[in-house]
There are 2 protein chains.
Amino acid sequence: MTDFIRQDSLNRITNGDLGCFKELTLAMFSGKWKINILYHLDHDGDYHFNELTRLLPRASHKMITQQLNELREDGLITKHTDKHHSITYTTYSLTPLGKSLIPILDMMYDWGKKRISDLKLDTASFPLSNKNL
Amino acid sequence: MTDFIRQDSLNRITNGDLGCFKELTLAMFSGKWKINILYHLDHDGDYHFNELTRLLPRASHKMITQQLNELREDGLITKHTDKHHSITYTTYSLTPLGKSLIPILDMMYDWGKKRISDLKLDTASFPLSNKNL
DNA sequence: CCGTATCCACACCGATACTG
DNA sequence: CAGTATCGGTGTGGATACGG
């Protein structure tokens with residue numbers, strides 16, 4: 001759904017019938033690996049393409065490219081290329097717009113962290129207790 | 001991806017190898033219609049099933065059921081049934097856990113609202129300007 | 001009124017191979 | 001190093017019909 005939700009939101013903006021502003025924000029980072037990419041670019045600074053592939057070993061080559069392109073289309077990151085002896089290095093950086101999204105990601109981090117610790121303390125009410133615990 | 005990201009996150013919690021706490025939070029509300037459902041339950045109070053279908057006319061019957069079930073599994077909402085003459089009325093309510101998610105949704109609303117107004121003011125840099133503007 | 005079940009078109013994403 | 005193109009198994013979500 002990831003990309004679908006994003007395209008749908010973006011299309012509906014152009015048509016002027018976006019259901020809720022929240023949907024646009026969700027569309028910005030709901031793609032696979034996007035929150036991780038945004039986090040690393042904010043927390044660690046700029047990254048090259050191959051560095052990102054090493055940071056996200058479970059992400060395929062193709063997906064990283066795709067997610068980076070979408071983040072760039074949405075104005076959240078920029079890309080800069082540099083050539084050294086026919087070898088191209090690409091650097092990705094957060095834009096101010098991308099940085100403005102970080103507080104939301106930070107709140108999501110805090111909520112998730114608290115939720116996990118609560119679940120650890122209270123296994124009886126674990127939402128997946130009916131599955132495989 | 002919606003449900004996939006959620007299942008993946010939940011599975012990885014049980015295995016103890018969740019990549020980042022943010023992923024769990026995202027999994028809570030990244031499903032189709034979930035942020036809308038959560039918003040209405042918080043802002044307007046409890047709702048019956050058929051009221052939700054009227055609030056979300058573009059959502060299919062099936063999806064609303066599915067999303068409500070997932071929200072319930074995750075402990076964000078509760079459901080209560082009442083019978084009047086063989087007619088069953090179901091009421092959905094936010095749990096405290098669900099309410100604790102609202103500040104994040106509020107920030108997402110504000111970000112999206114500001115983003116839209118910025119785009120309206122500066123059409124030249126509209127990210128979709130190469131599509132159909 | 002409140003769901004569940006089935007079918008089916010379509011979107012996703014990993015693997016692989018190829019360009020510059 | 002930094003991508004693009006294609007193929008194929010899998011998951012998603014709408015429509016429809018049916019059961020409680």
Side-chain angles (χ1 to χ4, degrees), chain A residues 1-11 19 23 26-27 29-37 41 46-73 77-93, chain B residues 1-11 19 23 26-27 29-37 41 46-73 77-93:
Chain A
M1 181 175 80
T2 328
D3 200 22
F4 179 82
I5 237 188
R6 175 173 167 275
Q7 276 304 326
D8 192 47
S9 293
L10 296 179
N11 290 338
E23 295 176 17
L26 179 60
F29 56 71
S30 75
K32 210 172 184 180
W33 311 111
K34 282 187 182 176
I35 56 177
N36 299 289
I37 294 173
L41 289 181
D46 301 351
Y47 270 115
H48 298 302
F49 182 85
N50 64 336
E51 291 176 322
L52 287 172
T53 63
R54 260 177 271 126
L55 279 171
L56 306 169
R58 303 186 2 130
S60 71
H61 195 105
K62 172 188 171 186
M63 282 314 292
I64 297 195
T65 307
Q66 184 182 108
Q67 301 296 293
L68 287 171
N69 283 340
E70 290 185 3
L71 289 169
R72 198 157 53 90
E73 285 176 24
I77 66 175
T78 53
K79 128 189 196 181
H80 171 257
T81 60
D82 210 357
K83 281 189 185 296
H84 292 289
H85 315 94
S86 82
I87 297 182
T88 307
Y89 287 90
T90 311
T91 308
Y92 289 97
S93 319
Chain B
M1 179 175 81
T2 328
D3 199 23
F4 179 82
I5 235 188
R6 175 172 167 275
Q7 276 305 326
D8 193 47
S9 293
L10 296 180
N11 290 337
E23 295 176 16
L26 179 60
F29 56 72
S30 75
K32 211 171 184 183
W33 310 112
K34 280 187 183 177
I35 56 178
N36 299 289
I37 294 173
L41 289 181
D46 302 351
Y47 271 116
H48 296 303
F49 181 84
N50 64 335
E51 290 176 322
L52 287 172
T53 63
R54 260 177 270 126
L55 279 171
L56 307 169
R58 303 185 2 130
S60 71
H61 194 104
K62 173 188 171 185
M63 282 314 292
I64 297 195
T65 307
Q66 184 183 108
Q67 301 296 293
L68 287 172
N69 283 340
E70 291 184 5
L71 289 170
R72 198 156 52 90
E73 285 176 24
I77 65 175
T78 52
K79 126 187 197 182
H80 172 258
T81 58
D82 210 358
K83 280 191 186 292
H84 291 289
H85 314 93
S86 82
I87 297 182
T88 307
Y89 286 92
T90 310
T91 307
Y92 290 96
S93 318

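Residue numbers start from 1 in every chain, and the chains themselves are labelled A, B, ... in the order their sequence lines are given, proteins ahead of strands.
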Just how far, in rounded Å, is [atom2] of [N] from [atom1] of [X]?
| X | N | atom1 | atom2 | result |
| --- | --- | --- | --- | --- |
| A:Arg6 | C:dC13 | CZ | C1' | 16 Å |
| B:Met63 | C:dC10 | CE | P | 18 Å |
| A:Lys79 | D:dC1 | NZ | P | 16 Å |
| A:Lys34 | C:dC12 | NZ | P | 11 Å |
| B:Asn69 | C:dG3 | CG | P | 8 Å |
| A:Lys32 | D:dT10 | NZ | P | 14 Å |
| A:His48 | D:dG3 | NE2 | P | 12 Å |
| A:Ile64 | D:dG3 | CD1 | C1' | 12 Å |

[atom1]-[atom2] distance between [X] and [Y], expressed to the nearest 0.5 angstrom:
| X | Y | atom1 | atom2 | answer |
| --- | --- | --- | --- | --- |
| B:Leu68 | B:Met63 | CG | CE | 10.5 Å |
| A:Ile77 | A:Glu70 | CD1 | CD | 10.5 Å |
| B:Lys79 | B:Leu71 | NZ | CG | 12.5 Å |

Toward the 5' end of DNA chain D, by each residue's nearest nucleotide, A:Lys62 or A:Thr91 |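 In this pair, the answer is A:Thr91.
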
Under 4.0 Å from OP1 or OP2 of [N]: is there any side-chain N or O of [X] that close?
| X | N | result |
| --- | --- | --- |
| A:Thr65 | D:dA2 | no |
| A:Tyr92 | D:dG3 | yes |
| B:Tyr89 | C:dG3 | no |
| B:Thr90 | C:dC1 | no |

Map A:Trp33 and B:Thr88 onto DNA chain C by nearest heavy atom, then report which one ends up closer to the 5' terminus.
->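 First, find each residue's nearest nucleotide; the 5'-ward one identifies B:Thr88.
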
Going by modelled atom types, is there a donor-acceptor pair between the base of C:dG3 and the side chain of B:His61 at under 3.5 Å?
->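 Side chain to base: pair found, below 3.5 Å.
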
Report the nucleotide, chosen from D:dA2, D:dG3, C:dC2, that has the shortest atom-to-atom distance to any side-chain atom of A:Asn50.
->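 The answer is D:dA2, which lies nearest to the side chain.
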
Given the rule in the salt bridge (Lys or Arg N to Asp or Glu O under 4.0 Å) test, do B:Lys32 and A:Asp8 qualify, once you have shown the distances and angles that lead to the verdict?
-> CA-CA 11 Å; B:Lys32 211 171 184 183; A:Asp8 192 47; 5.9 Å; no

B:Asn36 and B:Leu55: CA distance, side-chain angles, deciding distance, side chain to side chain contact (heavy atoms under 4.5 Å, CB included) verdict = CA-CA 9 Å; B:Asn36 299 289; B:Leu55 279 171; over 6 Å; no

